[in-house]
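Before any comments, here is the structure.
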Amino acid sequence: MAKDPMLKFVSKAQAYPEKRAPELRAEDFDEIAKRYAPEAAADQASRCSQCGVPYCSVHCPLHNHIPDWLRLTAEGRLREAYELSNLTSTMPEICGRICPQDRLCEGNCVIEFSGHDAVTIGSVEKYITDTAWEQGWVEPIEVGPARGQSVGIIGGGPGGLTTAEYLRVAGYDVHVYDRYDRMGGLLTYGIPGFKLEKDVVMRRIKRLEDSGIIFHCNFEVGRDAPLDDLRAKHDAVLIATGVYKARDIKTPGIGLAGIVPALDYLTASNRKGFGDTVEAFESGALNAKDKDVVVIGGGDTAMDCVRTAIRQGAKSVKCLYRRDRENMPGSQREVANAEEEGVEFVWLSGPKGFDGTDKVERVHVSKMRLGAPDASGRRAPEHDPAGDFTVNADLVITALGFEAEDLPVLFGAPDLNVTRWGTIRVDHMTQMTNLDGVFAIGDIVRGASLVVWAIRDGRDVTQHIHNWLQAKAKAAKVAA
Ligand SMILES: Cc1cc2nc3c(=O)[nH]c(=O)nc-3n(C[C@H](O)[C@H](O)[C@H](O)COP(=O)(O)OP(=O)(O)OC[C@H]3O[C@@H](n4cnc5c(N)ncnc54)[C@H](O)[C@@H]3O)c2cc1C
Ligand code: SF4
């Protein structure tokens, strides 16, 4: 009988793909680690304990069949591993790169609980589907028999694109409208190349385009057409517009030149990566080269900004965050990467004011301490009279999170129901808004969230849109 290749977590240590040296990483926007060699992938996959109730799958928003594709990888049956992984996800190689695995699948791996370090699930997932692309196993989308009904999708981020793919497979005509000149949403213009190289996103988009999905770039719903026009043109509409209104701070001096919102900064950098001419970058306004940079915030967007600034050749990069390391929202892995690359974290500190002559030159910083827990259970930061200080800055990047834009106003749709946070209110059983045949998913419903949740929403809403369109077609037949 063949020897079982699994359960090797005692004899084989956890090993992520090797990271490049920080000095080399700082020279380009390529991903910091390449993928596993085949033997290493099989070895790491073989550490899985194949537990009866796989908590990794339970805590993966897509409920990926993780232990099964780990076994297939360990057995060298890579094409089958790919087919299985592809069943539940439209972008496994993207999730493998950018999911915060320490909070999702890997953070709930049973062998981690027993002190043996989690299986490196995300890295194996990336390896499987990258190999599939290379080997030509990723086939064109098979379009179902034409149904004669169309769906308009507003927003070409991971939520909109996932829905577009599944609806096309089901035989619908699909149109995606996006205000940017490229599809992909934050995968394209938010997340930097050192976490997610752009050709990985572009090859997915090309596959969608090749299936007959019609992309309308540079089309902003609201500016170029009200929501009602799309409702008249399509049998159903999906809103997947994400959240883009930057949270601001009301601090003296905030209006000075040289203080910029995170997404403007990251978008300019990503555009440069595509080879675009970006005026605000060429002028230096959104370029950190030779500057003392201060980033304000402690989430993943702040981490992306500090690491982008390092790669642009900043003189110094500081990250100010009002809580401490243990209480920051950003991933600990990203903090470690940033520290290796030379970022200085100034914990328990918040901006008190900015000053400078024509543009920002200094940030006055309040020292903070952690007080009693707030409503969320986290200890609330409060001013620590022990000591304020000042740091020099030529460029300040604010990364304090995102809120929903005012869609009822922007879309010319005052009847569209939203929550008090401005996110779209949906019936959670159907993901439909209060407007008949208008559905909504992703960040614009959840608030700022994760790529994997947008994909999950896209998978779920496809079924609801399909049911609704089938009922509509049936009713039209009866009426005729
Ligand atoms: C800097 C940054 C880094 C991140 N890093 C990670 C990470 O490492 N891992 C992770 O899981 N998540 C990360 N996230 C979060 C993740 O990117 C989002 O949760 C996810 O992209 C949401 O998907 P979505 O489809 O709902 O919206 P989006 O990706 O935001 O896409 C929405 C699309 O709608 C378009 N749009 C908006 N309004 C209109 C309009 N009126 N008309 C036409 N088009 C419109 C936009 O142009 C955009 O293309 C990050 C977010 C940011 C900002
Ligand atoms: S999709 Fe994300 S959470 Fe699920 S297995 Fe992949 S990396 Fe883990």
Side-chain angles (χ1 to χ4, degrees), residues 54 56-57 59-66 69-70 85 88-89 91-109 118-126 129 153-163 176-192 195-196 216-225 227 230 238-244 246 262-263 265-267 270 299-305 308 330-331 333-334 399 401-402 404-405 407 410-411 440-458:
C56 54
S57 288
H59 289 269
C60 163
L62 297 172
H63 303 314
N64 283 340
H65 303 303
I66 301 166
W69 45 250
L70 287 172
S85 166
T88 48
S89 177
M91 314 178 178
E93 74 286 19
I94 294 180
C95 291
R97 284 170 162 85
I98 59 165
C99 269
Q101 285 100 11
D102 46 349
R103 284 187 259 147
L104 300 171
C105 52
E106 294 178 23
N108 289 282
C109 174
V119 178
T120 54
I121 297 168
S123 304
V124 176
E125 187 180 27
K126 164 182 160 172
T129 300
I153 296 178
I154 311 171
L161 293 182
T162 294
T163 317
V176 183
Y177 301 85
D178 201 290
R179 63 184 171 194
Y180 283 146
D181 55 347
R182 292 183 178 91
M183 291 288 154
L186 291 170
L187 300 176
T188 298
Y189 284 134
I191 300 171
K195 277 165 60 181
L196 174 63
H216 303 263
C217 290
N218 298 309
F219 190 109
E220 180 169 337
V221 176
R223 184 194 64 192
D224 297 315
L227 179 64
L230 265 67
L238 174 71
I239 304 174
T241 49
V243 287
Y244 283 86
L263 207 50
Y265 174 69
L266 293 173
T267 304
N270 278 316
D300 287 331
T301 301
M303 297 309 106
D304 290 347
C305 291
T308 296
S331 146
R333 276 189 204 169
E334 294 302 299
F402 301 95
E405 292 161 284
L407 287 198
L410 284 179
F411 281 7
I441 58 158
D443 281 6
I444 191 58
V445 174
R446 294 176 178 273
S449 177
L450 292 174
V451 168
V452 67
W453 278 113
I455 295 173
R456 165 67 189 272
D457 282 355

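We number each residue from 1, following the sequence as shown. Counting starts at 1 for both ligands and their atoms, in listed order.
Between the D178 side chain and the G156 main chain, a donor and an acceptor come within less than 3.5 Å of each other. In this structure, the side chain of D457 engages the main chain of G442 through a donor-acceptor pair within 3.5 Å. Without hydrogens or angle criteria, T241 side chain to G155 main chain gives no donor-acceptor distance under 3.5 Å. Without hydrogens or angle criteria, E405 side chain to G242 main chain gives no donor-acceptor distance under 3.5 Å. Between the H63 side chain and the S57 main chain, a donor and an acceptor come within less than 3.5 Å of each other. With hydrogens and angles disregarded, a donor-acceptor distance shorter than 3.5 Å links the side chain of D300 to the backbone of S331.
The heavy-atom pair separating R223 from N218 by the smallest distance is NH2-O, 3.3 Å.
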Would you tabulate the polar-atom pairs, meaning N/O of ligand 1 against N/O of the protein, with distances under 3.5 Å, reported to 0.1 Å?
unit_1   : atom_1 : unit_2 : atom_2 : d
ligand 1 : 5 (N)  : K195   : NZ     : 3.3
ligand 1 : 8 (O)  : I98    : O      : 3.4
ligand 1 : 8 (O)  : K195   : NZ     : 2.9
ligand 1 : 9 (N)  : I98    : O      : 2.8
ligand 1 : 11 (O) : V451   : N      : 3.0
ligand 1 : 19 (O) : D443   : OD1    : 3.0
ligand 1 : 19 (O) : D443   : OD2    : 3.0
ligand 1 : 19 (O) : S449   : O      : 3.2
ligand 1 : 19 (O) : L450   : N      : 3.3
ligand 1 : 25 (O) : P158   : N      : 3.4
ligand 1 : 25 (O) : G159   : N      : 3.0
ligand 1 : 26 (O) : D443   : N      : 3.0
ligand 1 : 29 (O) : L186   : N      : 3.1
ligand 1 : 30 (O) : Y244   : OH     : 2.7
ligand 1 : 41 (N) : V221   : O      : 3.1
ligand 1 : 42 (N) : V221   : N      : 2.9
ligand 1 : 44 (N) : R179   : N      : 3.1
ligand 1 : 47 (O) : D178   : OD1    : 2.8
ligand 1 : 49 (O) : D178   : OD1    : 3.2
ligand 1 : 49 (O) : D178   : OD2    : 2.6

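With sequence neighbours excluded, the residues satisfying side chain to side chain donor-acceptor pair (under 3.5 Å) with R182 are Y189, D276. Not a single side chain to side chain donor-acceptor pair (under 3.5 Å) links S449 to another residue, sequence neighbours left out.
Of all protein N/O/S atoms, those under 2.8 Å from atom 8 (Fe) of ligand 2 are C105 SG, and waters are not counted.
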